[in-house]
Amino acid sequence: MYKFNFSPGPTLVRENVRLARAKSVTNPDIDVDFVYYYKSVCNKFNKIINSTGDTYILSGEAILGLEAACATLTEPGDRVLVIDNGVYGHFFKDFVEIYGGDTVLFTTDYKTGVNLKELDDFLKEDSNFKYATLVHCDTPTGVINDLDGICNLLKKYGILSVVDSVSGMVGEKVDFDGSKIDIIIGGTQKAISAQPGLTIVSISKDAKKAFKERKVPVGSFYANLMIWEHYLEEEYFPYTLPASDIMSLEVAIDNILEEGLQTVIDRHAKLAEAVRESLKAYGLKLYLDDCFSNTVTAITLPNGLKATDISHYILKKYNVLLATSLDTFRDKILRIGHMGENARFATIFYIMSLLDEAFKYLGYETDKNLRDLFLENYK
Ligand SMILES: *Cc1c(COP(=O)(O)O)cnc(C)c1O
């Protein structure tokens, strides 16, 4: 059964990316050419995030990347700062603790980005952390954090950074080297717009040094990033890689590089701005006060309306999937995903038309039309 998927990830996948998976594949374990092919895809990915770090594509969805970063850095008793201004931000606590880390939460208002000065004041009192975790775009609310400011600040205090940019990168600028990020994690199914299944991690020299200084071995094989270190010299991978997934990821990266990374980022910004402005003009409230990501917009539902009612109406009548939110926000927040291949005028125009109908059908009173407002604001 075909459904139009307009959720904030997994996103739409272009035909050339889908078809790449249908090609015949080599044996990635014994074909040395594949090792160099894999390396070339990692190098292409590095252009997207401006990284000169060690980059690996792991066989597993983005959650594997998050867990692997924590597994490989954490030794029992290590103090870890969990920067928490969203659902995924808080989620890191579990990964750190599974591997024996001692977490301290820096929890701030979920309606805005992390305030640099508040973080600096906090660190002035206590900066004895091996690393800190943070989220670039926390997708359930769409809040964007200032990666550059936060990671540079952490580095000043000698704290390594682990960044979940799964729903940020490509839709928002990432400068891995310039922002002095130590480990960044991405996933194929968000703004990269390939199918779910792979996670990509990039690792700085400082993070690698911390891996090497461990006294206790990593309590995992699959989530141990150190097993990748010598694959190129040894021309051998730790496990059989999903060659088809990697070939389709390469095409997705090529699509981005061919359009031009900056053009892609600008496309996200222009559509996101028009979405936000038209929703406000329609009388709806955005969940956030500020720090809006250009990859997803969260709307707080007016009294009496449930996010799930809107999404069910649109699914039933048009076979279109829209997302509500996670956790405690499920009924309260409706999300418009505008990342990757979803961030196209026609797609968003269609979503706005459907939302206008659904809101009115469910009793929202207005004499405005959301689709017209979107057109007016798309400049
Ligand atoms: C999508 C996403 C992930 C991966 O989580 P899944 O729910 O398994 O898709 C991790 N972090 C963020 C911020 C995400 O948006």
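It should be emphasised that the depicted structure is a prediction, and the values quoted were computed from it without experimental measurement. Read the numbers this way: they start at 1 and go in the same order the structure lists the ligands and their atoms.
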Identify, by atom number and element, the atoms of ligand 1 in contact range of [X], meaning under 4.0 Å from any of its heavy atoms.
X    : answer
C137 : 13 (C)
E61  : 4 (C), 5 (O), 6 (P), 8 (O), 9 (O)
T139 : 12 (C), 13 (C), 14 (C), 15 (O)
Q189 : 9 (O)
D164 : 10 (C), 11 (N), 12 (C), 13 (C)
S167 : 15 (O)
A62  : 4 (C)

(Q) Which residue and atom name correspond to the protein heavy atom nearest atom 10 (C) of ligand 1, and how close is it? (A) Y88 CE2, 3.4 Å
Q | For atom 1 (C) of ligand 1, closest protein heavy-atom neighbour | A | K190 NZ, 1.4 Å
If the contact criterion is a heavy-atom separation under 4.0 Å, does [X] count as touching ligand 1?
X    : result
D138 : no
P10  : no
H136 : no

Q. Less than 6.0 Å separating the ring centroids of Y38 and F237?
A. yes
Q.
Quick check: F95 with Y99 (ring centres under 6.0 Å apart)?
A. no
Under 3.5 Å donor-acceptor pairs involving side-chain atoms of residues 220-229, not counting sequence neighbours:
| from | atom 1 | to | atom 2 | distance (Å) |
| --- | --- | --- | --- | --- |
| S220 | OG | A223 | N | 3.0 |
| N224 | OD1 | M226 | N | 2.8 |
| E229 | OE2 | K212 | NZ | 2.8 |

**Q.** ligand 1-proximal atoms of P8, by part, heavy-atom distance under 4.0 Å
**A.** neither
Q: Run through T108, N145, T141, T107 and flag the one making a side-chain hydrogen bond (donor to acceptor under 3.5 Å, both in side chains) with N85.
A: N145
Q: Indicate whether the side chain of H338 and that of T297 have a donor and an acceptor atom separated by less than 3.5 Å.
A: yes
Q: Mind checking side-chain contact (heavy atoms from CB on, under 4.5 Å) for K124 and listing every partner two or more places apart, or none if nothing turns up?
A: D120, D121, Y157
(Q) Does any part of the side chain of K173, heavy atoms only, come nearer than 4.5 Å to the side chain of L147, both counted from C-beta? (A) no
Q) Taking the side chain from E61 and the backbone from I63, do they hold a donor-acceptor pair closer than 3.5 Å? A) yes
Q. Is a donor on one side and an acceptor on the other found under 3.5 Å between the side chain of H90 and the backbone of G86?
A. no
